[in-house]
There are 2 protein chains.
Amino acid sequence: MIQNLNEHEREKLMASLNKGGQKLTPQREAVFSVLISKRDHPTVDEVFQRARETMPGMSLATVYNCLETFVACGLVRQVNHEREPTRYCPNLAPHAHFRDQATGRVHDIELPPEVLNSLRSILPPGFNSEVIEISFHGQASTTEPPPHA
Amino acid sequence: MIQNLNEHEREKLMASLNKGGQKLTPQREAVFSVLISKRDHPTVDEVFQRARETMPGMSLATVYNCLETFVACGLVRQVNHEREPTRYCPNLAPHAHFRDQATGRVHDIELPPEVLNSLRSILPPGFNSEVIEISFHGQASTTEPPPHA
DNA sequence: CTAATCAGTTGGAATGATTCCAAGTTGCAA
DNA sequence: TTGCAACTTGGAATCATTCCAACTGATTAG
């Protein structure tokens, strides 16, 4: 079930939006709430379905717009696996993704700084990377997703 | 310009196809030739355009089919960046990809075994990964793609 | 208190990569 | 030569995403 944002979360959301020159709207609040209520890397369509539970009139285009805005403001990350529908992730700490072959479920994998650094070190001179994406693909014996706030 | 496959290349292609229960056809030969003649990670459409130079009647569906077959036989790798058109890469050694923001060009980045191992080590118990994809995204000051066979 | 403006929202149409399908082709085997 | 099975082909269908023009709602200027 989707709760409303608490004070702290709403503040953080508004601050990030304002920093990017954007406003806090009811739709954006609803979409953001969906993302942090259940951090299971939902697709746009899943976000859409869940957001409609609290805001039945919302349109799919708005969900796309909101998510695009969040990405631009650095509030969430896009997660792509091959050409499957894009998923969204509110975990901003550096991490990799593991996609379970059997279920399609995506898990966050913590990425220690030294591993991140060893990765950066493989870039030859002249290559400057702002974004590194790491995704594993295989079988997870854990059936439950890792608990998240 | 696209050459025909040399003896060694054709043998390798046929062996891999046969191992996967597939046959060597003129279309598959043409598509494979495109991939190894210019290892610049072409999209399906680019492969299609180039293949038509030597085999004007070939259809786009066939290019899709051939590439799918090659992937299944382990002859080439798919390279996806966000939701852009899938690219194809005949480099089978473990490597990462760097996508140049400005040009869209994709470069292979060598992946030393120790870095690959440090990556594997971040997976918690219960997660077994067959495939690891690593992609960088940023600016490359080198304008020319690295020379390849 | 209006009017004007402007960002945001909406539904539906358009786009574009990919997949699907049914018909045609080819090479080999009985 | 007939039959079969794999492969190829063109076009239609799919589906995530983007685009667009009209609508809404809040804020500012007169």
Side-chain angles (χ1 to χ4, degrees), chain A residues 13-14 16-34 41-52 54-73 75-88 99 104 106, chain B residues 13-14 16-34 41-52 54-73 75-88 99 104 106:
Chain A
L13 173 59
M14 196 183 310
S16 293
L17 286 172
N18 289 344
K19 194 158 50 176
Q22 310 285 128
K23 294 172 186 167
L24 182 58
T25 68
Q27 288 86 348
R28 286 175 180 169
E29 213 173 315
V31 169
F32 193 69
S33 172
V34 165
H41 307 86
T43 62
V44 176
D45 238 61
E46 286 165 345
V47 173
F48 181 48
Q49 301 303 334
R50 296 178 197 174
R52 284 213 152 192
T54 48
M55 192 175 278
M58 180 150 36
S59 93
L60 180 59
T62 300
V63 176
Y64 274 98
N65 291 339
C66 290
L67 291 170
E68 185 186 16
T69 301
F70 294 163
V71 170
C73 292
L75 279 159
V76 304
R77 276 175 58 181
Q78 283 185 322
V79 182
N80 287 291
H81 271 99
E82 324 219 309
R83 288 190 57 83
E84 293 185 356
T86 301
R87 295 172 177 275
Y88 289 83
R99 182 159 170 293
V106 175
Chain B
L13 174 59
M14 195 183 310
S16 293
L17 286 172
N18 289 343
K19 193 158 51 177
Q22 310 285 125
K23 293 174 187 166
L24 182 58
T25 68
Q27 287 86 349
R28 287 176 180 168
E29 212 172 315
V31 169
F32 192 70
S33 171
V34 165
H41 306 87
T43 62
V44 175
D45 238 60
E46 286 164 344
V47 173
F48 180 48
Q49 301 304 335
R50 296 177 197 175
R52 283 212 153 193
T54 48
M55 194 175 277
M58 180 150 35
S59 94
L60 180 58
T62 299
V63 176
Y64 273 99
N65 290 339
C66 288
L67 291 170
E68 184 186 17
T69 300
F70 293 163
V71 170
C73 292
L75 279 159
V76 304
R77 278 175 58 182
Q78 282 185 322
V79 182
N80 287 290
H81 271 100
E82 323 217 311
R83 287 191 57 82
E84 293 185 356
T86 301
R87 294 172 177 276
Y88 289 83
R99 182 161 170 291
V106 175

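Quick note: numbers below take in every heavy atom, side chains included, and nothing from hydrogens, waters or symmetry partners. Letters go in sequence order (proteins before strands), and every chain restarts at 1.
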Of all residues at least two apart in sequence or in a different chain, which pass the side chain to side chain donor-acceptor pair (under 3.5 Å) check with A:Thr25? none
Under a 4.5 Å cut-off applied to non-hydrogen side-chain atoms, are A:Cys66 and A:Val63 in contact? no
What pairs with B:Arg87 under salt bridge (Lys or Arg N to Asp or Glu O under 4.0 Å), at least two apart in sequence or on another chain? B:Glu46
Rounded to whole Å, the CD-C1' distance (B:Glu82 to D:dT18) equals 16 Å
Quickly work out the A:Glu46 CD to D:dA16 C1' distance and round it to whole Å. 13 Å
Who pairs with A:Asn65 by side chain to side chain contact (heavy atoms under 4.5 Å, CB included), at least two apart in sequence or on another chain? A:Glu68
Sugar-phosphate means primed atoms, P, OP1 and OP2; the rest is base. With that split, encode nucleotides 3-19 of chain C 5' to 3' as B, S or - using protein heavy atoms under 4.0 Å. ----SSSBB-----SBB
Non-neighbouring partners of B:Asn18 that pass side chain to side chain contact (heavy atoms under 4.5 Å, CB included), sequence neighbours left out: B:Met14
Mind checking side chain to side chain donor-acceptor pair (under 3.5 Å) for A:Glu84 and listing every partner two or more places apart, or none if nothing turns up? A:Arg99
Let me test you: for the helix from C:dC1-D:dG30 to C:dA30-D:dT1, what is the angle between the axes at its two ends (five pairs each), rounded to 10 degrees? 10°
Test ring-ring contact (aromatic ring centres under 6.0 Å, His included) applied to A:Phe70 - qualifying residues, sequence neighbours left out: A:Phe32
Output the rounded distance in Å from CG (A:Leu24) to C1' (D:dG25). 15 Å
To the nearest angstrom, how far is A:Phe48 atom CZ from D:dT17 atom P? 14 Å
Residue pairs, two or more places apart or on separate chains, that pass salt bridge (Lys or Arg N to Asp or Glu O under 4.0 Å) and touch residues 18-31 of chain A: A:Arg10-A:Glu29
